[in-house]
Undergrad: 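Here you go, one structure.
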Amino acid sequence: MSLSAKDKVEARKRRHRRVRKRVVGTKDRLRLSVFRSNSHLYAQIIDDLAGRTIVATSTLDPAIKPRIKGNTIEAAKIVGATLAERAKAANVTTVVFDRGGYQYHGKLKALADAAREAGLSF
């Protein structure tokens with residue numbers, strides 16, 4: 001039996017709530033949150049205690065958009081590297097990874113690996 005599109009979204013939201021019970025950004029380790037749509041990939045580093053986004057980037061970012069073609073693994077690597085560079089500029093070195101209910105595979109893994117290579121530690 002296959003799930004309808006609405007059921008898949010609800011299942012991901014349930015998984016995300018389960019993940020968020022354990023993954024909480026602190027003052028020392030901010031939260032790197034990822035959202036993936038069919039067309040784009042969004043990543044942001046969030047201070048949960050203050051409720052503020054410190055650094056954000058996506059495939060829609062004007063600095064990234066000309067270098068990518070679509071929502072691919074290569075685009076995820078560029079987003080991850082750009083996010084890490086901006087985080088270092090904002091004095092953020094250590095984060096906790098919030099996969100947002102998605103499998104740690106493909107684009108999410110590529111984004112995380114690129115961010116690690118660019119200097120972020122998880």
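We number each residue from 1, following the sequence as shown. As the structure is a computational prediction, the values presented were derived from the model and not from experiment.
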Undergrad: Are E74 and K77 within salt-bridge range, i.e. N to O under 4.0 Å?
TA: yes
Undergrad: Take Y42 and V79 through the side-chain contact (heavy atoms from CB on, under 4.5 Å) test and state the conclusion after the steps.
TA: CA-CA 8 Å; Y42 306 85; V79 169; over 6 Å; no
Undergrad: Could you walk me through whether T94 and S121 pass the side-chain contact (heavy atoms from CB on, under 4.5 Å) check?
TA: CA-CA 5 Å; T94 307; S121 59; 3.3 Å; yes
Undergrad: Check whether I73 and I78 end up in the same hydrophobic cluster, where Ile, Leu, Val, Met, Phe, Trp and Tyr are linked by side-chain heavy atoms less than 4.5 Å apart.
TA: no
Undergrad: With a 4.5 Å heavy-atom cut-off, do K8 and R12 have their side chains touching?
TA: no
Undergrad: Would a single hydrophobic cluster contain both I54 and V95, if residues Ile, Leu, Val, Met, Phe, Trp and Tyr are joined by side-chain heavy-atom contacts under 4.5 Å?
TA: yes
Undergrad: Establish whether F35 and L60 are linked, either directly or via other cluster members, by ILVMFWY side-chain heavy-atom contacts under 4.5 Å.
TA: yes
Undergrad: Are L32 and Y104 connected into the same hydrophobic cluster when the rule is that any two of I, L, V, M, F, W, Y join if their side-chain heavy atoms are below 4.5 Å apart?
TA: yes
Undergrad: Do the side chains of R99 and V19 get nearer than 4.5 Å, heavy atoms only?
TA: yes
Undergrad: Is Y102 reachable from I46 through a run of hydrophobic residues whose side-chain heavy atoms are each under 4.5 Å from the next?
TA: no
Undergrad: Within the 3.5 Å criterion, strictly below it, is a donor on T53 or Q44 matched to an acceptor on the partner's side chain?
TA: yes
Undergrad: Of the non-hydrogen atoms in D61 and A56, which two are nearest, and what is the gap between them?
TA: OD2-O, 4.5 Å
Undergrad: When you look at S33 and F97, which way does the side-chain contact (heavy atoms from CB on, under 4.5 Å) test go after all the steps?
TA: CA-CA 7 Å; S33 177; F97 190 70; over 6 Å; no
Undergrad: Over all heavy atoms of both residues, which pair between A84 and A115 is shortest? Give the atoms and the distance, please.
TA: CB-O, 3.6 Å
Undergrad: Taking C-beta and beyond as the side chain, do L41 and V34 meet within less than 4.5 Å on heavy atoms?
TA: yes
Undergrad: Heavy-atom count check: over 12 atoms from other residues, nucleotides or ligands less than 6.0 Å from E10 CD?
TA: yes
Undergrad: Classify the side-chain pair H40/S58 by whether it contains a donor and acceptor separated by less than 3.5 Å.
TA: no
Undergrad: Could you state the interatomic distance from OG1 (T59) to NZ (K107), rounded to the nearest 0.5 Å?
TA: 9.5 Å
Undergrad: What pair of heavy atoms forms the shortest contact from A75 to G70, and how long is it?
TA: CB-O, 3.6 Å
Undergrad: Closest heavy-atom contact between V96 and V23?
TA: CG2-CG1, 3.8 Å
Undergrad: Under a 4.0 Å threshold between the charged nitrogen and the carboxylate oxygen, would R31 count as salt-bridged to D48?
TA: yes
Undergrad: Given K109 and L111, is the side-chain contact (heavy atoms from CB on, under 4.5 Å) satisfied, shown in steps?
TA: CA-CA 5 Å; K109 186 176 186 307; L111 185 143; over 6 Å; no
